[in-house]
Amino acid sequence: MLSLSIASPGTAVTFLRGNTSTSSSFHGVRISHKASARVPAAAISSYGKPSVVMMSKREAELKDIRAKTTEELNEEVIDLKGELFMLRLQKSARNEFKSSEFRRMKKQVARILTVRREREIEEGIGKRLSRKLDRQWKKSIVVRPPPSLKKLQEEEAAEEAAEAAKSA
């Protein structure tokens with residue numbers, strides 16, 4: 001809620017903040033924003049009282065990410081970046097794909113990298129050293145196909161084996 005107060009010179013203005021009221025000799029225009037606490041509509045029961053709100057999906061994902069080791073996080077970043085590459089290939093080839101996957105994967109990578117940086121901060125690693133370590137890590141990455149491509153190759157191999165079994 002937005003409120004606007006206009007005061008002329010010589011008048012005292014009284015404005016409220018929370019439970020306290022203060023008085024000043026303010027001259028001019030005052031624009032204030034009153035924020036109200038919002039409760040999600042799903043959290044309100046039929047009686048109008050807030051009920052228990054479930055943990056958001058993002059918080060659950062963060063909890064899972066924080067439970068993993070740094071090496072596992074690095075592997076997951078490599079896999080997700082490979083999947084992003086595959087999506088870009090599908091887009092350029094005009095194949096069918098879910099465009100929402102781009103955003104989801106990018107956010108997942110960002111969450112993982114954030115947790116990784118939080119751990120570096122806890123260890124006392126500065127920004128400059130962190131970037132140096134990140135460059136070294138990127139150079140040490142062994143290129144491998146993303147999981148979705150591996151899955152496709154396995155399916156194709158299974159189909160070929162099935163065709164070979166039928167013809168034999």
Side-chain angles (χ1 to χ4, degrees), residues 1-2 17-20 32-165:
M1 177 186 230
L2 193 63
R17 283 190 189 155
N19 294 334
T20 62
S32 63
H33 180 74
K34 296 179 182 177
S36 61
R38 291 186 176 190
V39 177
I44 299 177
S45 64
S46 60
Y47 300 109
K49 297 179 184 176
S51 63
V52 177
V53 178
M54 299 299 290
M55 183 187 311
S56 70
K57 189 175 185 180
R58 179 181 35 195
E59 290 173 1
E61 286 177 0
L62 273 174
K63 195 174 183 180
D64 293 340
I65 290 170
R66 287 197 169 102
K68 295 180 180 179
T69 65
T70 306
E71 291 78 24
E72 290 173 343
L73 294 180
N74 290 338
E75 294 298 317
E76 193 167 344
V77 167
I78 293 169
D79 289 342
L80 285 170
K81 288 200 174 196
E83 293 293 333
L84 278 169
F85 177 72
M86 291 300 295
L87 276 176
R88 283 194 297 274
L89 284 178
Q90 286 180 353
K91 183 179 180 183
S92 67
R94 298 180 186 235
N95 292 341
E96 286 189 23
F97 66 96
K98 288 186 178 179
S99 60
S100 61
E101 290 295 307
F102 279 110
R103 186 175 183 195
R104 187 188 63 77
M105 285 184 195
K106 284 180 181 179
K107 285 189 174 197
Q108 187 69 16
V109 168
R111 285 185 190 114
I112 292 170
L113 293 177
T114 300
V115 169
R116 203 173 84 182
R117 179 64 185 135
E118 286 173 355
R119 291 181 183 174
E120 289 176 349
I121 290 171
E122 287 174 3
E123 294 172 8
I125 297 174
K127 189 186 237 181
R128 179 175 257 168
L129 180 59
S130 172
R131 289 184 178 169
K132 184 178 179 181
L133 293 172
D134 194 41
R135 281 192 301 272
Q136 290 173 353
W137 172 71
K138 285 180 181 176
K139 287 179 183 176
S140 71
I141 294 174
V142 177
V143 180
R144 63 174 190 257
S148 63
L149 185 61
K150 288 180 187 176
K151 186 177 178 182
L152 270 171
Q153 291 171 344
E154 289 171 1
E155 289 174 358
E156 288 174 0
E159 287 176 12
E160 289 175 7
E163 289 176 14

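One is the number of the first residue; the rest follow in order along the sequence.
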If a pair satisfies side chain to side chain donor-acceptor pair (under 3.5 Å) and one of its residues is in residues 149-162, list it, with sequence neighbours excluded.
none
Strictly distance-based, threshold 3.5 Å: is any side-chain N or O of Glu83 a donor or acceptor partner for the main-chain N or O of Ser148?
yes
Under 3.5 Å donor-acceptor, Arg119 side chain and Arg66 backbone
yes
Counting N and O atoms only, with roles assigned by atom type, does the side chain of Thr114 sit under 3.5 Å from a partner on the main chain of Ala110, one being a donor and the other an acceptor?
yes
State, with a plain yes or no, whether a side-chain heavy atom of Val115 is found less than 4.5 Å away from one of Thr70.
no
Show the numbers, then the answer: is there a salt bridge (Lys or Arg N to Asp or Glu O under 4.0 Å) between Lys138 and Asp134?
CA-CA 6 Å; Lys138 285 180 181 176; Asp134 194 41; 3.6 Å; yes
Taking the side chain as everything from C-beta on, heavy atoms only, tell me whether Leu133 gets closer than 4.5 Å to Gln136.
yes
Separation between CD (Glu118) and CD1 (Ile65), nearest 0.5 Å, reads 10.0 Å
How far does NZ of Lys91 sit from CG of Leu84, to the nearest 0.5 angstrom?
11.5 Å
Set of salt bridge (charged side-chain N to carboxylate O under 4.0 Å, His left out) partners for Arg144, sequence neighbours left out
Glu75, Asp79
Side-chain contact test, heavy atoms from C-beta onward, threshold under 4.5 Å: evaluate it for Leu149 versus Phe85 and give yes or no.
no
Please examine the side chains of Trp137 and Ile141, heavy atoms only from C-beta on, and report whether any two atoms are closer than 4.5 Å.
yes
Can you tell me how far CD of Glu120 sits from CD1 of Ile125, rounded to the nearest 0.5 angstrom?
5.0 Å
How far does CD1 of Ile112 sit from CG of Leu73, to the nearest 0.5 angstrom?
6.0 Å
Using a 4.5 Å cut-off on heavy atoms from C-beta on, say whether the side chain of Gln108 contacts that of Glu76.
yes
What is the distance from atom CG of Leu87 to atom CZ of Phe97, rounded to the nearest 0.5 Å?
7.0 Å
Listed once per pair and sorted, the salt bridge (Lys or Arg N to Asp or Glu O under 4.0 Å) pairs that draw on residues 102-111, sequence neighbours left out
Glu61-Arg111, Glu101-Arg104
